[in-house]
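Only one structure is covered here, and it is reproduced in the block below.
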Amino acid sequence: RRLLLAKCREEFESRTLASAAFDRQDGLTPEEEEARAESKRKMLGNIRFIGELARLDMLHQSILHKCVKQLLEKKRTQTDMAESIECLSHLMRTVGERMDTDKAKGLMDQYFSRMRSV
């Protein structure tokens with residue numbers, strides 16, 4: 001279990017590095033576009049997996065809140081922010097209801113306020 005969680009964390013934290021590798025001013029070659037699409041699928045798959053682990057109570061709520069906070073941080077580019085919002089929407093669809101408790105109401109309000117401002 002610990003190895004699985006460590007791998008998920010590593011993948012989650014490296015998602016911006018993967019997308020930054022494709023941020024260039026000039027166009028991408030077809031091979032680079034394919035690699036970028038594969039990287040995005042992997043990133044979204046990892047987010048879904050994190051959500052499913054949380055649904056099975058294998059992740060603590062505090063970890064989910066850390067993930068949401070990281071996804072809502074200001075990003076270098078619009079592409080980075082768009083990908084983070086996409087990941088956030090997948091995560092919220094999966095576990096948003098579980099995160100929306102009386103205890104976390106303040107945090108959830110902050111998250112949605114930040115999403116509206118983006």
About how many Å separate CG of L91 and CD of E86, when rounded to the nearest 0.5 Å?
13.0 Å
From CG (L72) to CD1 (I85), nearest 0.5 Å:
5.5 Å
Do E11 and M43 come within less than 4.5 Å of each other through their side chains, counting heavy atoms only?
no
Kindly say whether T29 contributes a backbone atom to a donor-acceptor pair with the side chain of E32 at under 3.5 angstrom?
yes
Is the shortest heavy-atom distance from the side chain of D57 to the side chain of R98 under 4.5 Å?
yes
Salt bridge check: are R114 and E73 linked by an N-O gap of less than 4.0 Å?
no
For the CE atom of M81 and the CG atom of L88, what is their distance to the nearest 0.5 Å?
8.0 Å
Identify the two heavy atoms, one from V95 and one from A54, that lie closest to each other, and give their separation to 0.1 Å.
CG1-CB, 3.6 Å
Quick check: does any side chain N or O of S84 sit under 3.5 Å from a backbone N or O of D80, one acting as donor and the other as acceptor?
yes
For atom CG of L3, decide whether the heavy atoms of other residues, nucleotides or ligands shown that lie under 6.0 angstrom number more than 12.
no
Should L64 and L44 be regarded as members of a common hydrophobic cluster, given that ILVMFWY residues are connected when their side-chain heavy atoms come within less than 4.5 Å of each other, either directly or indirectly?
no
Could you tell me whether E33 and R36 make a salt bridge, using a distance below 4.0 angstrom between a side-chain N and a carboxylate O?
no
Spacing of NE2 belonging to H65 relative to NE2 belonging to H60, to within rounding of 0.5 Å
9.5 Å
E10 meets the salt bridge (charged side-chain N to carboxylate O under 4.0 Å, His left out) criterion, sequence neighbours left out, with K7
For the atom pair CE (M92) and SG (C87), what is the distance rounded to the nearest 0.5 Å?
12.5 Å
Step through the shown structure and confirm whether more than 12 heavy atoms of other residues, nucleotides or ligands are within 6.0 Å of CD on E34.
no
Test item: F49 and L4 side chains (from C-beta on) under 4.5 Å apart, heavy atoms
yes
Judged by atom type as modelled, is there a donor-acceptor pair below 3.5 Å linking the side chain of S113 to the main-chain atoms of D109?
no
Please round to the nearest 0.5 Å and tell me the distance separating atom CZ of R48 and atom CG of L53.
14.0 Å
Chi angles and distances behind the side chain to side chain contact (heavy atoms under 4.5 Å, CB included) call for F12, L71:
CA-CA 10 Å; F12 180 81; L71 289 169; 4.0 Å; yes
Between T101 and K105, does the side chain to side chain contact (heavy atoms under 4.5 Å, CB included) criterion hold? Intermediate values first, please.
CA-CA 6 Å; T101 62; K105 183 178 178 3; over 6 Å; no
Pair L107-V68, side chain to side chain contact (heavy atoms under 4.5 Å, CB included): steps then yes or no
CA-CA 10 Å; L107 286 174; V68 171; over 6 Å; no
Is it true that atom CZ of R55 has more than 12 heavy atoms of other residues, nucleotides or ligands lying nearer than 6.0 Å?
no
N46 and C8 have their tightest heavy-atom pair at ND2-O, 3.5 Å
